[in-house]
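The structure appears right after this line, and notes come after that.
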Amino acid sequence: MHENIAIMGGTFDPVHYGHLMAAEFAQCEFDLNKVILMLSARPPHKNGESVLNNEHRLEMLKLAAADSKIFEVSTLELDRPGYSYTIDTIRCFQDHYPEKTIYFIMGSDALFSFHTWKKAEQLSTMCRFIVVTRPGYKLEKNHSQYANLPAELWENINFLEVPGFDFSSTDIRNRVRQGKPIKYLVPPEVEQYIKQHGLYKGLEAKDA
Ligand code: ATP
Ligand code: MG
């Protein structure tokens with residue numbers, strides 16, 4: 001039987017319900033056999049910002065994925081030296097699974113910077129893309145809004161409306177820093193982990 005697999009890349013600093021819901025909805029709509037949550041080691045676009053160490057982010061991602069039969073956590077990008085580039089990851093999956101259809105899931109905010117990704121034009125042709133709605137990053141029907149995007153991308157893109165969760169990992173980090181609750185924003189195990197390890201207390205505010 002033909003298999004579809006999807007990769008959802010992120011810093012997951014920390015993972016939250018916005019990520020998980022997007023992945024879950026995509027799985028259902030596109031009949032995905034699994035969704036691989038791919039932890040970015042050093043996201044190039046977050047250069048200069050401090051990101052929580054890999055071990056903590058990975059542990060939280062594993063906790064969040066633990067009770068799902070379709071989510072899998074991958075350390076492929078952590079294990080690769082240097083920056084994490086999506087094109088390298090997709091190429092790796094193509095090599096390993098030439099018979100499978102590969103999807104890449106991203107929020108609509110990522111679409112606005114896609115043209116800056118490594119070899120964006122080539123990447124556009126290498127897999128299918130699922131772009132999920134994210135509040136604050138409204139998708140216009142008119143493609144001329146995205147003049148910077150490679151033309152090839154439009155051939156391989158699917159848009160998916162999900163109930164908009166208007167929050168980000170940045171918001172969660174800020175809430176923890178301010179001593180505010182994050183219950184209902186992240187899975188209880190992740191909330192507990194953050195508490196236990198005293199995470200996000202000392203870092204400076206960052207931009208989303
Ligand atoms: P940060 O504030 O640190 O940038 P983030 O919440 O944007 O964190 P990322 O790890 O940067 O999370 O995002 C990983 C992927 O998940 C991206 O493709 C992003 O667009 C998507 N995503 C993040 N939050 C949401 C959300 N609330 N709804 C839909 N997609 C989301
Ligand atoms: Mg982000």
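Note that ligands are numbered from 1 as they come in the structure, with each ligand's atoms numbered from 1 the same way. All heavy atoms count here, side chains included; hydrogens, waters and symmetry mates do not.
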Check: Do any nitrogen or oxygen atoms of Phe12 come within less than 3.5 Å of a nitrogen or oxygen of ligand 1?
Finding: yes

Next item on the list: Of all the heavy-atom pairs spanning Val132 and Ala22, show the shortest one and how long it is.
Entry: CG2-CB, 3.8 Å

Next item on the list: Heavy-atom contacts with Gly10 under 4.0 Å: which atoms of ligand 1 show up? List them by number with element.
Entry: 10 (O), 14 (C)

Check: Can you find an N/O atom of Phe165 closer than 3.5 Å to an N/O atom of ligand 1?
Finding: yes

Margin query: Measuring from atom NE2 of His197 to atom CD of Glu59, what distance do you get when rounded to the nearest 0.5 angstrom?
Written below: 7.5 Å

Notebook entry, point to check: Centres of the Phe165 and Tyr17 rings: under 6.0 Å?
Noted result: no

Notebook entry, point to check: Could a heavy atom of Gly9 be found less than 4.0 Å from some atom of ligand 1?
Noted result: yes

Next item on the list: Would you mind listing which atoms of ligand 1 come within a distance below 4.0 Å of any non-hydrogen atom of Phe167?
Entry: 27 (N)

Next item on the list: Would you check if there is a donor-acceptor pair between the side chains of Glu3 and Thr101 at a distance under 3.5 Å?
Entry: no

Margin query: Pairing donors with acceptors under 3.5 angstrom, does anything connect the side chains of Arg134 and Ser168?
Written below: no

Margin query: Need the ligand 1 atom indices (1-based, order shown) with element for anything under 4.0 Å from a heavy-atom of Ser168.
Written below: 2 (O), 6 (O)

Notebook entry, point to check: Who gets closest to atom 21 (C) of ligand 1 by heavy atom: Ala110, Ser169, Ser108, Gly107?
Noted result: Gly107

Note to self: So, 4.0 Å and heavy atoms of Arg173: is ligand 1 close enough to count as a contact?
What the structure shows: yes

Note to self: Surrounding CD of Gln122 (heavy atoms of other residues, nucleotides or ligands, distance under 6.0 Å), is the total greater than 12?
What the structure shows: yes

Checklist line | Which of the ligand 1 atoms, numbered from 1, are nearer than 4.0 Å to a heavy atom of Met106 | finding: 18 (O)

Checklist line | Spacing of Tyr85 atom OH and Trp117 atom CH2 [to the nearest 0.5 Å] | finding: 13.0 Å

Next item on the list: Would you kindly specify which portion of Asp109 sits under 4.0 Å from ligand 1, judged on non-hydrogen atoms: side chain, backbone, both or neither?
Entry: side chain

Note to self: Taking the basic N atoms (NZ, or NE/NH1/NH2) and the acidic carboxylate oxygens, is any pair closer than 4.0 Å for Lys118 and Asp88?
What the structure shows: yes

Next item on the list: Give the numbers and elements of all ligand 1 atoms closer than 4.0 Å to a heavy atom of Gly18.
Entry: 26 (C), 27 (N)

